[in-house]
2 protein chains.
Amino acid sequence: MKKDIEVCEIQCIHEEDVKEVKDSMLEPNTLLDLAEFFKVFGDATRIKILYALFQKEMCVCDIAAVLDMNQSAVSHQLRILKNHRLVKFRREGKIIYYSLDDDHVKKVFHEGLNHIEHS
Amino acid sequence: MKKDIEVCEIQCIHEEDVKEVKDSMLEPNTLLDLAEFFKVFGDATRIKILYALFQKEMCVCDIAAVLDMNQSAVSHQLRILKNHRLVKFRREGKIIYYSLDDDHVKKVFHEGLNHIEHS
DNA sequence: TTAACATATGAACATATATTCATATGTTGT
DNA sequence: ACAACATATGAATATATGTTCATATGTTAA
């Protein structure tokens, strides 16, 4: 049964367009994954880490030194980068070296740079 | 004068590397702008809006209908996209049509898709 | 086994951010 | 001028996120 007062009804103007665009929308999971992926780039600390790793693989404490941050903060961020397969690591004794895991990273990065330079 | 107890000193292992990477680091403003730029992509609502606008220009209420969200929420997000020059708009009477403002958007988007598909 | 070191992690806190609600602004037709 | 409509915006709230602190894990050398 419908209530006689209908609130929050979304009104659209171009029904055809809405239907068409709605049908072509990405799958919910893809959307969430994409947003998650970009969210990783949306933090200055992680951007710095990625940019540092563009130059060469580095261990955690060296990254911390480059960023002038404490080891814990860097480690937390590295975990996020690792979970999203943006960086990988190898162990050498006590030291763990991190490096880039993916070529898309550089491409995304440079498209971002292009944008902020041209706007 | 130095305190005899020195806490939170950042210890690095490879001084040379640290110096080199630190010197080649992006400027603080560039870093912040980049992070800001990607932060815009890091939200499912904005991703949906951008993807919708890939198909065609749309007015606010149609976008709201596509996303199944209220007008205010969409408007707030459009403002963010507008501020970062990702979308532009034109007015036609009462209606305001939004569209993509930048080719980098699509490129960034597709690199992101590539990444999540290959990982 | 123990000390020293490199890194990881859980909890707590402070800050940032998205959505909602109410309302303001700006446009059109009467 | 007024009503109806499309959009924008400020404030409030709830949630997400980054950093710090304390501590745990894992490795090496003695």
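Quick note on labels: first sequence line is chain A, next is B, and so on, each numbered from 1.
- Within the 4.0 Å cut-off from OP1 or OP2 of D:dT19, at least one side-chain nitrogen or oxygen of A:Gln77 is found.
- In this structure, the CZ atom of A:Phe89 is 11 Å from the P atom of D:dT27, given to the nearest Å.
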Assess the residue pair A:Lys88 and A:Lys82 against the criterion (side-chain contact (heavy atoms from CB on, under 4.5 Å)); give the C-alpha distance rounded to whole Å, side-chain angles, the decisive distance to 0.1 Å, and a yes or no. CA-CA 6 Å; A:Lys88 58 182 191 290; A:Lys82 194 169 50 182; over 6 Å; no
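- To the nearest 0.5 Å, atom NE2 of residue B:His104 and atom CD of residue A:Glu117 are 8.5 Å apart.
- Taking atom CE of residue A:Met58 and atom P of nucleotide C:dT7, one finds them 11 Å apart after rounding to whole Å.
- Ion pairing of A:Lys22 with A:Glu20 is absent here, as no side-chain N (NZ or NE/NH1/NH2) approaches a carboxylate O to less than 4.0 Å.
- At least one side-chain nitrogen or oxygen of A:Tyr98 sits closer than 4.0 Å to the OP1 or OP2 atom of C:dA8.
- B:Arg85 is linked by a side-chain hydrogen bond (donor to acceptor under 3.5 Å, both in side chains) to nothing, counting only residues two or more places apart in sequence or in another chain.
- Atom-to-atom, CG of A:Asn70 to C1' of C:dT9 comes out at 13 Å; the value is rounded to the nearest Å.
- One atom, CG of A:Leu81, and another, C1' of C:dT9, lie 16 Å apart when rounded to the nearest Å.
- The NZ atom of A:Lys19 sits 14.5 Å away from the CG atom of B:Asp62 when rounded to the nearest 0.5 Å.
- Interface residues of residues 28-44 of chain B facing DNA chain C, ordered by number: B:Lys39, B:Asp43; criterion, heavy-atom separation under 4.0 Å.
- Judged as a side chain to side chain contact (heavy atoms under 4.5 Å, CB included), and not counting sequence neighbours, B:Lys94 has no contacts.
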One character per nucleotide, please: for nucleotides 22-30 of chain C, 5' to 3', B when the base has a protein heavy atom closer than 4.0 Å, S when only the sugar-phosphate does, - otherwise. B---SBS--
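- In the hydrophobic clustering, B:Leu32 connects to no other residue, as no ILVMFWY side-chain heavy atoms lie under 4.5 Å from its own.
- Partners of B:Phe37 by ring-ring contact (aromatic ring centres under 6.0 Å, His included), not counting sequence neighbours, listed by chain and number: A:His115, B:Phe41.
- The base of C:dT17 has none of its N or O atoms less than 3.5 Å from a complementary donor or acceptor on the side chain of B:His76.
- Under the 4.5 Å side-chain heavy-atom criterion for ILVMFWY residues, a single connected hydrophobic cluster contains both B:Leu86 and A:Leu113.
- The separation between A:Arg79 atom CZ and C:dG10 atom P is 7 Å, rounded to whole Å.
- Put simply, NE2 on B:His14 is 14 Å from C1' on C:dC5, counting in whole angstrom units.
- Residues that satisfy the side chain to side chain contact (heavy atoms under 4.5 Å, CB included) test with A:Gln71, not counting sequence neighbours, are A:Val60, A:Ser75.
- Regarding A:Lys82, its NZ atom lies at a distance of 9 Å from the C1' atom of C:dT7, rounded to whole Å.
- If you take NZ of A:Lys88 and C1' of C:dT7, they are 19 Å apart, rounded to a whole angstrom.
- B:Phe54 meets the ring-ring contact (aromatic ring centres under 6.0 Å, His included) test with B:Tyr51, B:Phe109; sequence neighbours excluded.
- In this structure, A:His76 has no ring-ring contact (aromatic ring centres under 6.0 Å, His included) partners at least two apart in sequence or on a different chain.
- Five base pairs at each end of the helix from C:dT1-D:dA30 to C:dT30-D:dA1 define two local axes, and these are offset by 30° (rounded to 10°).
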Assess whether side-chain hydrogen bond (donor to acceptor under 3.5 Å, both in side chains) is satisfied between A:Ser24 and B:Gln55, documenting all intermediate values. CA-CA 9 Å; A:Ser24 70; B:Gln55 326 289 317; 3.3 Å; yes
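- For DNA chain C, the neighbouring residues in residues 45-55 of chain B, judged by any heavy atom under 4.0 Å, are B:Thr45, B:Arg46.
- In terms of the side chain to side chain contact (heavy atoms under 4.5 Å, CB included) criterion, residue partners of B:Arg91 (sequence neighbours excluded) are, by chain and number, B:Ile96.
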